[in-house]
Amino acid sequence: MKHIVVLGGGYGGLKVVQKLLGSTRLSNFKITLVNKVPYHCLKTEFYALAAGTEAESQLRVNFPIDKRLELKYGNVQAVHLAEKTVSFNNSDSLSYDQLVIGLGCEDKYHGVPGAKEHTLSIQSIRKTRMTNHKIQEIAHGGTVSIVGGGLSGVELASELRESRPDLKIILFDRGKTVLSVFPARLNQYVQKWLINHGVTVINHANITKVETNFVYNHDEPTYSDAIIWTAGIQANKVIRNLDIEKDGMGRAIVSRYHFLKGYEDVFVVGDCASSTHAPSAQLAEAQGEQVVMVIEKMFNNEPLPKTMPKIKLKGVLGSLGKKHGFGLMGERTLIGRVPRVIKSGVLWMYKYHTG
């Protein structure tokens, strides 16, 4: 019996498990899914948990129940490619025949002194809980600074504006406008929305240092009751610590079949895998589907295709509170209420029909 180990129950890892269990081309195998918590988390909505507009229970999806699936909870310490084992912080180890790594990402602090020690995060469910707790403790009229005007920073700022209208919210972004990688019509709409709703947006920011309750922009301090970092990500440290080829974000360079070069039994998906696409839940799921297709061919001793199907992503949807949003579908820019309604529908479908 072949043993497939999946590290991480995020979007990519869960998709791999679902597709493996639903496959009609596989038999005589078992899966061990390793995750820190006993449920799948809707990470794309962590900003709402941090702001206090969504309960944690609304951001959970149960893992499948199947006699071929075993759930193991713990913190992965390292992957030992030569030995084909995974080790954990509690000294346990797990052997595998095939391995799928989908451990997600961590904050990247770009060498800014004090950023790691003195900022809050929304990169994990545990850290997001801590961020929410800190925000709810801030007294009336306090200040929250958000470093990073990408998708996470914008959604967090807008949601926080609705949940705590009494707070001063400052969004530091190094670009000339928030969401600078998006078309001008979209990012200008979002920046105007934030400003009109009382968010102080500071463009061309350069965060040089962070101390307790102080964020330094161009060496000028700003007092903040809470400082939240959304200014960059990097691959999980388990991937970064592997002696493999990696890109500038510490992500594994993989083959067209999503396995590590030289290790055809080790696949990498999601934020841990280098890609020409921007990191997203959609991308992780698409990679997971292709990984299972490759595993099926390997199980049946079939040749792998010379070319893999092109991954086609549907677009990007973002929230501006509960009533407004923005999106990019191909070349089409969406702004206003429609993209917010679409996002709510997509989220509902995922929560109640995933798998």
Side-chain angles (χ1 to χ4, degrees), residues 1-21 29-43 46 56 59-108 116 121-130 233-246 249-252 254 258-260 262-273 279 284 287-288 291-292 295:
M1 178 179 290
K2 287 197 175 183
H3 185 201
I4 305 171
V5 173
V6 179
L7 303 181
Y11 294 98
L14 179 58
K15 179 61 69 174
V16 168
V17 170
Q18 292 170 334
K19 287 293 183 179
L20 287 172
L21 294 177
F29 71 95
K30 66 175 182 178
I31 308 168
T32 300
L33 173 60
V34 179
N35 202 48
K36 290 182 179 180
V37 293
Y39 41 81
H40 167 68
C41 297
L42 303 182
K43 187 178 180 181
F46 278 2
E56 184 177 331
L59 306 184
R60 299 177 182 175
V61 174
N62 292 330
F63 289 129
I65 298 175
D66 192 289
K67 64 181 180 181
R68 296 166 294 176
L69 174 63
E70 178 182 352
L71 302 177
K72 179 177 177 61
Y73 307 112
N75 294 308
V76 178
Q77 183 181 54
V79 172
H80 308 282
L81 298 174
E83 295 82 4
K84 300 185 70 168
T85 60
V86 178
S87 59
F88 299 86
N89 289 351
N90 63 358
S91 299
D92 283 353
S93 64
L94 190 64
S95 61
Y96 62 83
D97 293 306
Q98 289 179 305
L99 179 69
V100 181
I101 304 176
L103 291 170
C105 62
E106 302 171 358
D107 289 300
K108 186 172 184 178
K116 182 177 181 180
S121 172
I122 57 171
Q123 285 300 329
S124 71
I125 191 70
R126 181 183 65 84
K127 290 180 178 180
T128 304
R129 287 191 203 112
M130 295 170 62
I233 59 173
Q234 60 185 341
N236 184 280
K237 65 179 180 180
V238 173
I239 283 288
R240 301 201 314 271
N241 291 338
L242 281 177
D243 186 17
I244 58 173
E245 188 179 358
K246 296 182 279 284
M249 293 175 62
R251 303 178 301 184
V254 295
H258 306 288
F259 54 64
L260 293 178
Y263 299 94
E264 296 187 2
D265 50 2
V266 180
F267 301 86
V268 187
V269 298
D271 297 336
C272 289
Q287 291 168 334
V291 164
V292 175
I295 289 176

- Task: Could you tell me whether the side chain of Leu242 reaches within less than 4.5 Å of the side chain of Leu81, counting heavy atoms only?
- Result: yes
- Task: Kindly give the heavy-atom pair with the smallest separation between Phe29 and Arg68, and that separation in Å.
- Result: CZ-NH1, 3.7 Å
- Item | Heavy-atom closest pair, residues Ala284 and Gly270 | CB-CA, 3.7 Å
- Message: What I'd like to find out is whether the side chain of Asn35 reaches to under 4.5 Å of the side chain of Leu71, using heavy atoms alone.
- Response: no
- Message: Within the structure provided, determine whether Phe259 and Val291 are in side-chain contact (heavy-atom separation under 4.5 Å).
- Response: no
- The reported gap from CD1 in Ile295 to NZ in Lys2 (rounded to nearest 0.5 angstrom) is 9.5 Å
- Message: Restricting to salt bridge (Lys or Arg N to Asp or Glu O under 4.0 Å), what partner residues turn up for Lys116, sequence neighbours left out?
- Response: none
- Query: Which atom pair, heavy atoms only, marks the closest approach of Asp271 to Cys105?
  - Reply: OD2-SG, 3.3 Å
- Of all the heavy-atom pairs spanning Ser87 and His80, show the shortest one and how long it is. OG-NE2, 3.0 Å
- Query: Given the rule in the side chain to side chain contact (heavy atoms under 4.5 Å, CB included) test, do Ile239 and Leu103 qualify, once you have shown the distances and angles that lead to the verdict?
  - Reply: CA-CA 8 Å; Ile239 283 288; Leu103 291 170; 5.8 Å; no
- Note on the structure: Taken in chain and number order and not counting sequence neighbours, the residues that satisfy salt bridge (Lys or Arg N to Asp or Glu O under 4.0 Å) with Lys84 are Asp265
- Should the pair Arg129-Glu56 be classified as a salt bridge under the 4.0 Å nitrogen-to-oxygen rule? yes
- Please confirm whether the backbone N or O of Asn89 pairs with a side-chain atom of Asn75, one donor and one acceptor, at under 3.5 Å? no
- Nearest non-hydrogen partners of Leu21 and Pro64, listed with the distance: CD1-CB, 3.9 Å
- Message: Would Gln98 and Val100 count as a side chain to side chain contact (heavy atoms under 4.5 Å, CB included) here? Give the steps.
- Response: CA-CA 7 Å; Gln98 289 179 305; Val100 181; over 6 Å; no
- Kindly write out the residues that satisfy salt bridge (Lys or Arg N to Asp or Glu O under 4.0 Å) with Glu245, not counting sequence neighbours, or none if the list is empty. Lys261
- Message: Taking side chain to side chain donor-acceptor pair (under 3.5 Å) as the definition, give me every residue that meets it alongside Gln234, ordered by chain and number, with sequence neighbours left out.
- Response: none
- Message: Which label fits Phe63 and His40: parallel for a plane angle under 30°, tilted from 30 to 60°, or perpendicular past 60°?
- Response: tilted
- Item | pair Ile101-Asn236: side-chain heavy atoms closer than 4.5 Å | no
- Query: What residues, two or more places apart in sequence or in another chain, satisfy side chain to side chain donor-acceptor pair (under 3.5 Å) together with Gln123?
  - Reply: Lys43
- With sequence neighbours excluded, what pairs up with Phe46 under the ring-ring contact (aromatic ring centres under 6.0 Å, His included) test? none
- Got a second to check how far Leu7's CG is from Phe88's CZ, nearest 0.5 Å? 6.5 Å
- State, to 0.1 Å, how close Val79 and Tyr96 come at their nearest heavy-atom pair, and which atoms those are. CG1-OH, 4.3 Å
- Message: What's the separation between atom CG in Leu33 and atom CD1 in Ile4, rounded to the nearest 0.5 Å?
- Response: 12.0 Å
- Has the side chain of Glu106 got a donor or acceptor atom that lies under 3.5 Å from a matching backbone atom of Lys237? yes
- Message: So, taking the atom named SG in Cys272 and the one named CD in Gln287, what distance separates them when rounded to the nearest 0.5 Å?
- Response: 10.0 Å
- Would you find more than 12 non-hydrogen atoms of other residues, nucleotides or ligands less than 6.0 Å from Lys36 atom NZ? no
- Rounded to the nearest 0.5 Å, how far does CG of Leu59 lie from CD1 of Ile125? 6.0 Å
- Item | Close side-chain approach of Val6 and Val34, heavy atoms under 4.5 Å | no
- Compare all side-chain heavy atoms of Lys72 with those of Asp92 and state whether any distance is below 4.5 angstrom. yes
- Please determine, by modelled atom types, if Thr32 and His3 share a side-chain donor-acceptor pair under 3.5 angstrom. yes
